[in-house]
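Order of the sequence lines fixes the chain letters, A, B, ..., with proteins taken first and strands second; residue numbering starts at 1 for each chain. Because the structure is predicted, anything quoted here is derived from the model rather than measured.
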There are 2 protein chains.
Amino acid sequence: MPAPAKKTSTKNEPAASASGRSDRLDARVLETLVGYNARRAWLIISSVFSERMAPYGLKQIDFSVLSLLAHNPGATSRQLCTTLDILPPNLVSLVATLDSRGLIERRPHPHDGRAVGLHLTSAGEALVRDAEQTVVQLEADASAQLTARERETLIKLLQKIYL
Amino acid sequence: MPAPAKKTSTKNEPAASASGRSDRLDARVLETLVGYNARRAWLIISSVFSERMAPYGLKQIDFSVLSLLAHNPGATSRQLCTTLDILPPNLVSLVATLDSRGLIERRPHPHDGRAVGLHLTSAGEALVRDAEQTVVQLEADASAQLTARERETLIKLLQKIYL
DNA sequence: TATTGTTATACTCTATAACTATA
DNA sequence: TATAGTTATAGAGTATAACAATA
């Protein structure tokens, strides 16, 4: 289970008032840092994600893998690891679980006997379709304070950092 | 230790070319999500943070606590927990370590016998001064692809989500 | 009765080393 | 020799329950 995610909505106040003991401290220095802000924003979206995706039994990493397989049929574990920046040992049980749930299938790789091509089953395809819609909606709700234009800008700027 | 953070710099290509086996998959759907992008960007900054702050022996949470105490002398554990959205049990050993390193001091709280006021020592103050400068530099480097104006915008938009 | 700080503990996430089977 | 996938495991990070001291 994820973080509390209270979002106590203390807008843009001049921080700690000297009179009267306050709970929230002056965090203005931390709030000038991209890293701090990116993490805090992710934490909020993350908690909404967990709530709304629980019915599907999908965590963020599960959704990422399934969505990737939906658009890259036959991708290998190694390709998933490279794309998502996770380590091979940490993908093994995840893939095994998705397999045992009947959401994906492992087929022998056409050109490489060591590799295994991963494919969505029709159940997996149906689940991803629903899950992707839920994620789009949840993202819209979590970023409701942003206009469509601002949301685009935000994503573009974030990608300038990591892409 | 943090993530690999390769930043393999595959700019804006039309994704998976059909010919020739590629390593990186088509992640265009995930790249439309604020949560995914925020996490990826944070991961990059996070790894730079770990490298550059290792000489100070400070993790991100340590730095957050020390920086908060620098600007909120006498803050309590509970206030730190509320501000940083972490749970009290997880702050205990952290504070104990900073104390045993001689960076902070625990003083009886003036108005509340249960609480403990946390204060930086002069060694702590000196360390925070250096560390804050390093963080500012590291942030500038990590977001070097952004103009000053873009960086401000990015932070403002992230705060619209979590603040 | 409620709150601050604490202990103990469990669960998840992330990381490393080492193995196997194919290339 | 190098790579794909796997096993086992260790270390962070994050969560809950329960307690003592104080309000």
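Under 4.0 angstrom from either OP1 or OP2 of D:dT6 there lies at least one side-chain N or O belonging to A:R106. A close approach under 4.0 Å does not occur between any side-chain nitrogen or oxygen of A:K59 and OP1 or OP2 of C:dT12. Applying the 4.0 Å criterion to OP1 and OP2 of D:dC19, one finds that B:R114 has every side-chain N and O outside that range.
For the residue pair B:Y162/A:N37, the side-chain donor-acceptor check at 3.5 Å is satisfied. Inspection of the A:S64 and B:Y36 side chains reveals no N or O donor paired with an N or O acceptor under 3.5 Å.
Note that CG of A:L154 is 9.0 Å distant from CD of A:E150, once rounded to the nearest 0.5 Å.
The side chain of B:L87 lies closest to D:dT16 when the candidates are D:dT16, C:dG5, C:dT14. Looking at the side chain of A:S77, the nearest of the listed nucleotides D:dG5, D:dA4, C:dC13 is D:dG5.
Between the P atom of D:dA15 and the CD1 atom of B:I86 lies a distance of 10 Å, rounded to the nearest Å.
Between A:E139 and A:R151, at least one side-chain N (NZ, or NE/NH1/NH2) sits under 4.0 Å from a carboxylate O, which counts as a salt bridge.
Tested against B:Y56, the residues B:D62, B:T134, B:D130 include a single side chain to side chain donor-acceptor pair (under 3.5 Å) partner, B:T134.
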Which protein N or O atoms sit under 3.5 Å from an N or O of nucleotides 7-9 of chain C?
none

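Under a 3.5 Å cut-off, the side chain of B:S67 and the backbone N or O of B:F63 do not form any donor-acceptor pair.
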